[in-house]
**Student:** 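My questions will all concern the structure given below.
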2 protein chains.
Amino acid sequence: MLDPVSRVRRFNRAVTSAVGALDTSFLGRGRPLGAARVLNAIGHGRSDVSEVRDYLGLDSGLMSRLLRSLEDEGLIETQAHEDDARRRVASLTRAGKREFAAYETLSNTQAESLLARNAQAEALLAAMDLIASALTRDRIALTERDPRSDEARYCLREYYAELGRRFKQGFDVSLSRDPDAKDMRRPRGSFIVAMSDTLPIGCIGLKGTDHGYAEIKRLWVAPSARGLGLGKRLMDEAEDAARTLDIALLRLDTNSALPEAGQLYRTTGWREIPRFNDDPYPDLFFEKRL
Amino acid sequence: MLDPVSRVRRFNRAVTSAVGALDTSFLGRGRPLGAARVLNAIGHGRSDVSEVRDYLGLDSGLMSRLLRSLEDEGLIETQAHEDDARRRVASLTRAGKREFAAYETLSNTQAESLLARNAQAEALLAAMDLIASALTRDRIALTERDPRSDEARYCLREYYAELGRRFKQGFDVSLSRDPDAKDMRRPRGSFIVAMSDTLPIGCIGLKGTDHGYAEIKRLWVAPSARGLGLGKRLMDEAEDAARTLDIALLRLDTNSALPEAGQLYRTTGWREIPRFNDDPYPDLFFEKRL
DNA sequence: AGCATTGTCTGACTTTAGTCAGATACAATG
DNA sequence: CATTGTATCTGACTAAAGTCAGACAATGCT
């Protein structure tokens, strides 16, 4: 009843019935669930037939029939892939887009009503983020993004907000050496965002300089994604990016108010060095040779 | 991507595939899901056929056939209900108990592996409790329990622990006027536990005295279940219990370090009165005439 | 060019889930 | 004791999901 396993299982039961309710609402549009799922997968940008099939785990025969039934309804069109005529690419027709939008509205409405029913919506959302990150930890994708992209800017905002909370004196980005976006773009550098499904949950910047080394900047992991080893993965990815850019020496600065960061650097081959810049915030400096 | 609705939907997707995986693992025992669900419902103590049918939402014809197939497998036996021969009662055979235990092991193993994969298991469990409570808020059952039952004692332990955290001077139950269990049993009083599925998430005690009034004691709501109006429901239930016991006057004491409690009393017809006991912890005293 | 491989489609099939209209046996009621 | 109601069961049906073996065309490889 009260042990951890029971609590997980209670959660499973609660969530199973909630998920079942969403499935049921999807049936309200007069189409079997299988066809609805294919339509939605296509609507969400999975145009390649084999991609949809893998995503939904369908047999190729079944997949083909579901496509046919959606075609008969006039909701999708398929054509051969331009590079490989064996592969087929599906797209929504005008009617298909309308139908997809109707499913989106259903999903959004049920999500909104869940939030509206709940007084402590922010706590609920934080709990959902945490669980979703834990469940999809094997599917966290590290992707190179432009440092000015929505995803990157979301991460940076969250990162600055967290520094503001953790530094006694707060954090004002204009006082810090804010790296120029172009220093974190290839070929000078790189910016990597960790995506869990559609949510950015971590980032790291590799900032090129003219001093014979590159800097690691803006390493951030969302609170909901801590404990998954994501910081290490981001760091490894940034080091790989540095190697592809023929960068042999990395430096970074950090603050002793972020002990978990210092710990990570010390255990992954970084060496503490004297201060190498005049940024007012950091008080710890590291270097690593690749 | 980052708005509340997207976060809920990301959670839904993450959880759908995790839950789907559990269903799939249940298929590994060579039995359709429907039959497995019936077997598990019976294993969990739902012996009455109509009870299982309601719980699983099955048509009576389908239910009958699933029972038959489990009987053919030698996993269950059915017999007429002893008070009403129309109703049937199902029970597991020896082989059925083994099979049920195997399903339990599957569920437990997957729950354990989820926890084991995760460094921050306690945070994950807290998030799961919160979400499960929010999703099942319409199914929270208030049930009278013996104050010495496992469920009641779990609630009281949690209650004392919370007081210890919230009182500056801590909380030592031996210094407080700990109500005797028999004062919170009928006919002198009552003890009510709020159950969400199998988890106790709140409690309240009605303690009989010999002074012409009864006291409300040990009103507690689990952190994961706050914001659902559960405190008010527990209080209403305790007042109802008092009425059935012909108690006309209620008193309670509380502490100003628990502002949400004082707020609840003030808005539900309680009147502040002078101190009526010498317990060292409370500093606020209320009375309500029924 | 010849041959194996790949991606999709078709037809024939099975299993699972679910519906619905009686049939049957028992219980409650006046 | 007849009537009405209730719980379950049976038979006949449908829809949906899934499986499997081959067909077919395009592609890749030697």
Side-chain angles (χ1 to χ4, degrees), chain A residues 16-17 19-21 23-42 46-73 75-91, chain B residues 16-17 19-21 23-42 46-73 75-91:
Chain A
T16 304
S17 61
V19 164
D23 280 359
T24 309
S25 80
F26 266 44
L27 289 172
R29 300 202 61 76
R31 194 170 294 109
L33 206 51
R37 298 211 304 153
V38 170
L39 181 69
N40 278 285
I42 296 168
R46 270 171 253 266
S47 52
D48 236 79
V49 166
S50 62
E51 191 186 351
V52 174
R53 218 180 43 212
D54 287 352
Y55 174 66
L56 298 177
L58 298 174
D59 170 88
S60 73
L62 181 52
M63 177 75 202
S64 180
R65 258 176 281 270
L66 292 172
L67 284 174
R68 225 49 58 232
S69 80
L70 289 170
E71 248 173 7
D72 292 349
E73 280 194 88
L75 301 179
I76 64 165
E77 287 167 339
T78 60
Q79 56 187 116
H81 190 283
E82 53 183 17
D83 297 340
D84 180 346
R86 290 171 304 184
R87 291 157 66 188
R88 309 230 89 208
V89 181
S91 58
Chain B
T16 303
S17 60
V19 164
D23 278 0
T24 311
S25 81
F26 266 46
L27 290 172
R29 300 203 61 76
R31 193 171 293 110
L33 206 51
R37 298 212 303 154
V38 170
L39 181 69
N40 278 286
I42 296 169
R46 271 171 252 265
S47 52
D48 236 81
V49 167
S50 63
E51 193 187 349
V52 174
R53 218 179 45 214
D54 287 352
Y55 174 65
L56 299 176
L58 298 175
D59 170 87
S60 74
L62 181 52
M63 178 75 202
S64 181
R65 257 176 282 269
L66 291 172
L67 284 174
R68 224 49 57 230
S69 80
L70 289 170
E71 248 173 6
D72 292 348
E73 279 194 88
L75 301 179
I76 64 164
E77 286 166 339
T78 60
Q79 56 187 116
H81 191 283
E82 53 182 18
D83 297 341
D84 180 347
R86 289 170 304 183
R87 290 157 65 188
R88 309 229 89 208
V89 182
S91 57

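What you are looking at is a predicted structure, and each value in this text was computed from that prediction instead of being measured. Proteins get letters first, then strands, A, B, ... in listed order; numbering begins at 1 in each.
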**Student:** Might you list the N or O atoms of the protein lying below 3.5 Å from N or O atoms in nucleotides 26-29 of chain C, with each pair's distance?
**Tutor:**
{"residue": "C:dA27", "atom": "OP1", "partner": "B:A85", "partner atom": "N", "Å": "3.1"}
{"residue": "C:dA27", "atom": "O4'", "partner": "B:R86", "partner atom": "NE", "Å": "3.4"}

**Student:** Please confirm whether the backbone N or O of B:S60 pairs with a side-chain atom of B:S64, one donor and one acceptor, at under 3.5 Å?
**Tutor:** no
**Student:** Using a 4.0 Å heavy-atom cut-off, does A:R53 contact any base of the nucleic acid, only the sugar-phosphate backbone, or nothing at all?
**Tutor:** sugar-phosphate
**Student:** What's the spacing between A:L66 CG and A:I76 CD1 if we round to 0.5 Å?
**Tutor:** 9.5 Å
**Student:** Which heavy-atom pair separates B:L70 from B:A35 by the least distance, and what is that distance?
**Tutor:** CD1-O, 3.8 Å
**Student:** To the nearest 0.5 Å, tell me how far A:R88 CZ sits from A:R86 CZ.
**Tutor:** 13.5 Å
**Student:** Measuring from atom CZ of A:R29 to atom CG of A:L39, what distance do you get when rounded to the nearest 0.5 angstrom?
**Tutor:** 9.5 Å
**Student:** Can you list the residues that meet the side-chain contact (heavy atoms from CB on, under 4.5 Å) rule with A:V19, with sequence neighbours excluded?
**Tutor:** A:V15, B:V15, B:T16
**Student:** About how many Å separate CD1 of A:I42 and CG of A:L67, when rounded to the nearest 0.5 Å?
**Tutor:** 5.5 Å
**Student:** Checking A:D48 now: which residues fulfil salt bridge (charged side-chain N to carboxylate O under 4.0 Å, His left out) with it, not counting sequence neighbours?
**Tutor:** A:R87
**Student:** In chain order, what residues pass the side-chain contact (heavy atoms from CB on, under 4.5 Å) check against B:S25, with sequence neighbours excluded?
**Tutor:** B:L22, B:L106
**Student:** For the helix from C:dA1-D:dT30 to C:dG30-D:dC1, how many degrees between its two end axes (five pairs per end), to the nearest 10°?
**Tutor:** 20°
**Student:** Which atoms form the tightest heavy-atom contact between A:E71 and A:T78, and what is the distance?
**Tutor:** OE2-OG1, 2.7 Å
**Student:** Quick check for you: name the first and last nucleotides of DNA chain D, 5' to 3', having an atom under 4.0 Å from a heavy atom of chain B.
**Tutor:** D:dG5 to D:dA12
**Student:** Do any of residues 24-35 of chain A sit with a heavy atom less than 4.0 Å from DNA chain C, and if so which?
**Tutor:** none
**Student:** Could you list by number each residue of residues 54-73 of chain A showing a heavy-atom separation from DNA chain D of less than 4.0 Å, or answer none if no residue does?
**Tutor:** A:L58, A:D59, A:L62, A:R65
**Student:** Residues in salt bridge (charged side-chain N to carboxylate O under 4.0 Å, His left out) with A:E51, at least two apart?
**Tutor:** none
**Student:** Holding to salt bridge (charged side-chain N to carboxylate O under 4.0 Å, His left out), I want the full list of residues that pass it with A:R65, two or more places apart in sequence or in another chain.
**Tutor:** none
**Student:** What residue pairs, at least two apart or across chains, pass salt bridge (Lys or Arg N to Asp or Glu O under 4.0 Å) with a residue in residues 30-42 of chain B?
**Tutor:** B:R31-B:E73, B:R31-B:E99
**Student:** According to side-chain contact (heavy atoms from CB on, under 4.5 Å), who are the partners of A:L27, at least two apart in sequence or on a separate chain?
**Tutor:** A:L33
